[in-house]
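This report refers to the structure that appears directly beneath it.
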Amino acid sequence: QQYVIGQQHDVDVIGAARQGGAVCFHVISFRNGRNVGGRSLFPKNADSEHSDSDLIDAFLGQFYQDHRPPRSLIVAIAPSESDILTRVLTERRSGPVEVKWRVRGERAKWLHMANENAKDALRRRLAERDQWGRALAALAELLGLPEPPERMECFDISHAQGQNTMGSCVVFGIEGALKRSYRLYGIEGIKPGDDYAAMAQVIQRRYQRALKEDHVLPDLIIVDGGIGQLRRAEQVMAELGLDAINIIGVAKGPSRRSGHERLIMGDREVIPGPHHPASHVIQQIRDEAHRFAVSGHRRRRQQKAHHSVLDDIAGIGAVKRQRLLQHFGGQEGLANASIDDLRRIEGISQSLAERIHAVFNPGSDTLGLG
C-alpha cells in the first residue's frame, strides 16, 4: 500500500523494540499521504535505568533536531512529557505538531508494522553483534591476547606514484565501525613513495595528539603492511612510551589473495586462513582502512586539479577569480592578458593587475601604460 487512508498530510509512525541494553526505533515516513520508506535507528546508552518513556523522549528530541518534524507523529510509547515534547516539536516545525500513541484502524496497522520492523531490525543487530563478538574472541585467542580487543585502530597509506600521499585511521569497537572517530592525514615532508616514513608520520601524529588531549587509546593497532612498516610503527610507539599497546602488521598473502594474509606480531607470524573468524575481522577492518585512504587520496587529487594559481594571489576572492576566468576564457587566456587588459575587469586595481601579470609572466616588465 502506498497511501495512508484519510491522511493527506505528513506523518511519521515510530515503532520500538527493546531487548536487554539494546533498543531500536523504526521510523516509517509518509509525505503527502505516500509511504516514502522507513529506517531503523539504534540509540546508545539504552540501559535498564531508563524507562521506555524516557527513551522515546530522548529519541524524538534528538531525531527531530536533524529532521523537520511532520504534522503528525504516531508513536509506540507514550512520552513522559508529551505536552513539553509537542511544544518543542511545534517550535521546530514552525507549525502545529500532534503526537499520538493510542490509535485505531489504519493508523494502528501502520504502528504494528513499525513495531514489527523494529523487532526484526533489533534481532538482526543482536545476531551481528554476537557474530562480531565471537570473531573478536577468536582473534584474541589467535594472537594470544588476554581479552578480546574493545577498540582497534587500523592504518593504511595511499598515493599515486608517490604523489598526494594520504594516511587513514579507521576505528572499530565491540559493535563494529566507529566512523565518527575515523581520521585522514595528509603526508608532507617525506621522500615520494616512502611508505615506511608515511606510516611513521601518521602513527606519531595520531598518538601524540591522543596523549596531549587525553583521548581513548586502542587495545590493538593494525598496520596494513609488512615487517618494515610494522617495525617503524613499533619504533614510534616506543618513543611515545606506548609500547605496551599491541601492534600487528598485515602482510599480503601469495598472489595478494584475500584471506591468506600473514599477521605479524612481535617475532611471531600466523596465517589464520580464509575461513578463520579472525581473518574476517582483519579483512573487514583492513579493507575499510584502504577504502577510506583511497577516498581521501582521490578527494585531495581532485582539489589540486581544481586549484588555480589565482587562489594564491592576495586580493583575489571567489568573485574576482570567476570574473577573470570567464572574461579570458580560462587560465591560458589569462596568461596572455596584458596589465591594461586585466585592469578593465571590475574590481581589478592597478597593483592587483600587476601582481596577476607577474604570476603568469615571471621576470617580465610589469609596468602598465596608464
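Computation of the quantities below employed the complete heavy-atom set of this structure, encompassing side-chain atoms and omitting hydrogens, waters and symmetry-equivalent molecules.
Other residues, nucleotides and ligands contribute only 12 or fewer heavy atoms inside 6.0 Å of the CD atom of Gln322. Other residues, nucleotides and ligands contribute more than 12 heavy atoms inside 6.0 Å of the CZ atom of Arg205. Heavy-atom contacts from other residues, nucleotides or ligands closer than 6.0 Å to NE2 of His280 number more than 12.
A donor-acceptor pair is defined here as one N or O able to donate and one able to accept, closer than 3.5 Å; such a pair exists between the side chain of Asn115 and the backbone of Ala16. Of the possible polar contacts, one joining the Arg68 side chain to the Arg93 backbone as a donor-acceptor pair under 3.5 Å is found. Between the side chain of His67 and the main chain of Phe63, a donor-acceptor pair closer than 3.5 Å is present. A donor-acceptor contact shorter than 3.5 Å is absent between the side chain of Ser279 and the backbone of His275. At distances below 3.5 Å, not a single donor-acceptor pair connects side-chain atoms of Arg209 with backbone N or O atoms of Gln204. Of the possible donor and acceptor atoms, none in the side chain of Arg343 sits under 3.5 Å from a partner among the backbone N and O of Ala353. Arg107 places no side-chain N or O within 3.5 Å of a backbone atom of Val13 that could act as its donor or acceptor partner. Checking side-chain atoms of Ser72 against main-chain N and O of Val11 turns up no donor-acceptor pair under 3.5 Å. Without hydrogens or angle criteria, Asp224 side chain to Arg286 main chain gives no donor-acceptor distance under 3.5 Å. The backbone N or O of Gly61 sits less than 3.5 Å from a side-chain atom of Arg92, completing a donor-acceptor pair.
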Report task. Evaluate the side chain to side chain contact (heavy atoms under 4.5 Å, CB included) criterion for residues Lys119 and Gln19: first the C-alpha distance (whole Å), next the side-chain angles of each, then the deciding distance (0.1 Å), finally the verdict. Result -> CA-CA 9 Å; Lys119 291 176 184 177; Gln19 184 174 335; over 6 Å; no
Query raised in the report: Going through the distances and angles, do Asp130 and Arg123 end up as a salt bridge (Lys or Arg N to Asp or Glu O under 4.0 Å)?
Result: CA-CA 11 Å; Asp130 289 344; Arg123 278 195 292 265; over 6 Å; no
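A donor-acceptor pair shorter than 3.5 Å can be found between the side chains of Ser338 and Asp341. Looking at Glu354 and Gln350, their side chains do bring a donor and an acceptor atom within 3.5 Å of each other.
Note: Tyr207 and Phe155 have perpendicular aromatic rings, judged against thresholds of 30 and 60 degrees for the angle between ring planes.
Salt bridge annotation for Arg34-Asp10: absent, with no cationic side-chain nitrogen under 4.0 angstrom from a carboxylate oxygen. The pair Glu128-Arg125 does not count as a salt bridge, with every side-chain nitrogen at least 4.0 angstrom from each carboxylate oxygen.
Rounding to the nearest 0.5 Å places CD of Gln326 at 10.5 Å from CZ of Arg321. A distance of 14.0 Å separates CZ of Arg231 from CE of Met199, quoted to the nearest 0.5 Å. In this structure, CG on Leu242 lies 10.0 Å from CD on Gln208, to the nearest 0.5 angstrom.
Side-chain contact between Glu288 and Lys179 is present, with heavy atoms from C-beta onward closer than 4.5 Å.
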